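Before any comments, here is the structure.
Order of the sequence lines fixes the chain letters, A, B, ..., with proteins taken first and strands second; residue numbering starts at 1 for each chain. Keep in mind the model is a prediction, meaning the values are calculated, not measured.
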Amino acid sequence: MNGNAGANMKSLGSFRRKFAPWNDPQAKPFIAIENVTKKFADFTAVDDLSLTIFNREFFALLGASGCGKSTLLRMLAGFEEPTAGRILIDGQDMRGIPPYKRPVNMMFQSYALFPHMTVEGNIAFGLKQDGMAKGDIEARVAEMLKLVKLERFAKRKPHQLSGGQRQRVALARAVAKRPKVLLLDEPLGALDKKLREETQFELMDLQMKLGLTFVVVTHDQEEAMTMADRIAVMDKGKVMQVATPAEVYEAPNSKFVADFIGNVNMFEGRTAAVGNGKIDIAVAPENFTIRTDATKTCSVGQPVGFAIRPEKIRISRQQPVDPSINSAFGEMWDIAYFGDMTVFHVKLESGRIIKAASLNAVRTVEDPLSYDDMVWVNFDADAGIVLTS
Amino acid sequence: MNTTWSRFNIASLVLGFAFLYLPIVLLVVFSFNESRLVTVWAGFSTKWYVSLFHNQSFIDAAWVTIRVGLVSATVATILGTLGALAMTRYTRFRGRLLFSAMIYAPLVMPEVITGLSMLLLFVALGFDRGLWTMILAHITFSMCFVAVVVQSRLVTFDRSLEEAAMDLGATPVTTFFKVTLPVILPAVVSGWMLAFTLSLDDLVISSFTSGPGATTLPMRIYSQVRLGVTPEINAACTMLIAIVTVGVIIASIANKRREVQKARDEQAAARN
Ligand SMILES: Nc1ncnc2c1ncn2[C@@H]1O[C@H](COP(=O)(O)OP(=O)(O)O)[C@@H](O)[C@H]1O
Ligand SMILES: [Mg+2]
């Protein structure tokens, strides 16, 4: 999708890597959500939630269906008023400001294209409300049509377009007014998988080109990981963690987040020893000891969790050097082949299943692991993470 | 499934249609009768149509009917649409149940009662009965029909269209005229046509609420018939039937065309 970027131009990624205003204590947030609660009758959809979003950030709200993501977005757009707390956009308190006076635009999950207007008419609608001159509107509409590659479809009505084309009209209409913030509710939800992946990069490209702040709601973690600078993981109206995709994946702050994002092996146990920058965790039924880097300060005897991703576990028929630490022996129970990688399920004597994934870097393997093999799994001290909540 | 036609099926179909349309066919046929007698055929003639157009009282009645219909249907459509909006949008106001029951009640209320109560009201208020009291009465009863038709469209209306309009900077008023109204327009137009037709053929309520000098076509026909049926009346009725039939045919052809076009467009969209 970056076909127009010249060979001497820097890639999108090189800009994005340097972008981290949330680490800068001087940086002023562009959107500040302060202790916002939203109740519908006696049901709390958003619960005392605080967040800051920075200018030009691509921010994702990620969570299961019904956790309050859309409600939060609708409060930013002005369709719902917070029951308590306040929202500041560009330093201005948004309380009582109707949707048509807010510096944000929204792309709706259902697209909400006006069925009685052409593609052009839809895109021009917002510009007309601003009282823009006719010539300027035409120029802007043409520019938007070019941006989303719909020049040929300008005179069509929404029902004469395919799903992907409608999605692009909705996008063009929402960015036509150059809002400071674009809110996107499940923008790719209605597209099929292949189109969705293509469109992810188009969205990122567009956000960079226009220099906008994006707040996107999604329940698809891969989508959030691909596109966002930072992700807020939500559960039952609360934010569980706000961090970059890599941090959310590699350093989840809770069992919920570790479990919600990607695949994980979760162990419960008690700390047996603490010291030398290491923590020993005794995992109960297996009598199995984990020695891991001390990513948290813990006291001896404290109940803790330990999370480790399948791809960080090695699997082999050979016994590891020190089988008493970070190792377990079991039976090959299941093999899931995905082409690029294979996920092995190893069943320990206790009945626990350990998931280990390995990349299929070569096309053929001599004597591959197969069902009923007895295998060892083991991992390094820095491969997993200690969780206390 | 058995799709062959039994004799019983055919017989009942013929009988049913005969029952429905024979009187109308007779009425139309005898409007072209040469004779003054409405039961004896004496050859083809259009003279009753000619005499109808020279009958000033019929022309006046037709003019009154059309004015009452246009004004009452238009006002009833505005009020009915607003009522339907209130019913679907503000779902939690106090007394909503009572209000919605009150919208439906006039639909099933015997016309005699509606007419009589209107008459009593106008008398109590000291209104001179005439064209305007009749228009008021027609607005009252046809408004409910409009509200019901528009309401059934509004319940399937996607509210996010309005939100999108406001999000793009349109005030609530602009949103209504630029988005809501155009989208529900077909239902509003059907509501208007329904109100107009109801007004056109109303006899009972009109009789109660009109006064001297404001006689509608149905009232004229009815009073004339009591003095004996003339082919002139047949001619008047035939013309009414023709107008309604042409209206219905045009409406259904337009509707069909739109559907076919839409299906074709959607297929085309799916292809590219
Ligand atoms: N207008 C409303 N009235 C009552 N309940 C609502 C309303 N809007 C949302 N909810 C409820 O709030 C919860 C969160 O909804 P939503 O924000 O749409 O979730 P998400 O977008 O994360 O799937 C849901 O349980 C939903 O039923
Ligand atoms: Mg949602």
Side-chain angles (χ1 to χ4, degrees), chain A residues 40-41 70 73-74 76-80 97-117 119 121-132 150 152-153 156-166 169-170 173-177 179 181-183 185, chain B residues 81 85 88-94 96 150 152-191 254-272:
Chain A
F40 294 110
S70 295
L73 208 64
R74 291 170 57 78
L76 288 173
F79 300 128
E80 311 279 0
I97 298 185
Y100 48 92
K101 287 191 182 145
R102 294 197 180 198
V104 303
N105 280 136
M106 180 151 160
M107 186 183 147
F108 289 75
Q109 190 167 6
S110 62
Y111 307 149
L113 298 178
F114 306 130
H116 57 295
M117 294 181 198
V119 168
N122 268 279
I123 297 174
F125 186 88
L127 305 171
K128 283 185 191 154
Q129 305 311 314
D130 281 358
M132 205 188 231
L150 284 175
R152 280 172 41 228
F153 302 95
R156 294 232 188 144
K157 293 271 183 74
H159 72 266
Q160 295 167 302
L161 300 174
S162 69
Q165 291 164 344
R166 284 181 211 176
V169 178
R173 185 179 72 177
V175 295
K177 289 182 76 170
V181 182
L182 187 66
L183 309 171
D185 195 351
Chain B
T81 303
L85 277 167
T88 40
R89 293 303 156 80
Y90 306 103
T91 48
R92 270 199 276 272
F93 68 89
R94 278 175 62 166
R96 177 177 186 274
V150 175
S152 70
R153 172 65 187 89
L154 277 174
V155 292
T156 60
F157 181 85
D158 180 8
R159 288 300 298 277
S160 65
L161 292 182
E162 288 173 347
E163 287 179 344
M166 284 200 256
D167 186 66
L168 292 166
T171 59
V173 175
T174 313
T175 301
F176 177 77
F177 285 107
K178 290 276 174 66
V179 175
T180 316
L181 191 58
V183 173
I184 64 166
L185 196 62
V188 174
V189 170
S190 340
N255 212 6
K256 186 84 198 167
R257 277 236 181 116
R258 215 171 28 227
E259 267 167 28
V260 169
Q261 186 62 42
K262 197 168 173 199
R264 210 181 285 149
D265 286 347
E266 264 157 17
Q267 268 172 10
R271 268 200 302 276
N272 58 39

Give the minimum heavy-atom separation between P115(A) and L161(B), together with the two atoms involved. CD-CD1, 3.9 Å
Mind checking the [atom1]-[atom2] spacing from [X] to [Y]? Nearest 0.5 Å is all I need.
X       : Y       : atom1 : atom2 : value
E163(B) : R74(A)  : CD    : CZ    : 4.0 Å
T171(B) : Q129(A) : OG1   : CD    : 7.5 Å
R159(B) : F79(A)  : CZ    : CZ    : 10.5 Å
R264(B) : Q160(A) : CZ    : CD    : 11.5 Å

If you count heavy-atom pairs within less than 4.5 Å of chain B, which of G126(A), P98(A), P179(A) leads?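 When all of G126(A), P98(A), P179(A) are compared, G126(A) has the most.
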Among the listed options K128(A), H116(A), Q109(A), K101(A), the residue most often paired with chain B at heavy-atom distances under 4.5 Å: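 When all of K128(A), H116(A), Q109(A), K101(A) are compared, H116(A) has the most.
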Do side-chain atoms of H159(A) reach the backbone of A263(B) as a donor and acceptor pair under 3.5 angstrom?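 It does not hold such a pair.
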Counting only heavy atoms closer than 4.5 Å, note whether T174(B) contacts chain A via side chain, backbone, both or neither. side chain
Which bit of D167(B) comes within less than 4.5 Å of chain A, counting heavy atoms only: side chain, backbone, both or neither?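 Looking at D167(B), backbone and side chain both touch chain A.
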So, the part of M117(A) with a heavy atom under 4.5 Å from chain B: the answer is side chain
What part of L113(A) is in contact with chain B, defined as an atom under 4.5 angstrom from a non-hydrogen atom: side chain, backbone, both or neither? backbone
Most contact-rich option vs chain A, by heavy-atom pairs under 4.5 angstrom, among A170(B), S160(B), A165(B), P182(B), is A170(B)
Do Y100(A) and T175(B) have side-chain heavy atoms sitting under 4.5 Å apart?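 They are not in side-chain contact.
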Under the side chain to side chain contact (heavy atoms under 4.5 Å, CB included) rule, what do F114(A) and L168(B) come out as? Steps first, then yes or no, please. CA-CA 12 Å; F114(A) 306 130; L168(B) 292 166; 4.2 Å; yes
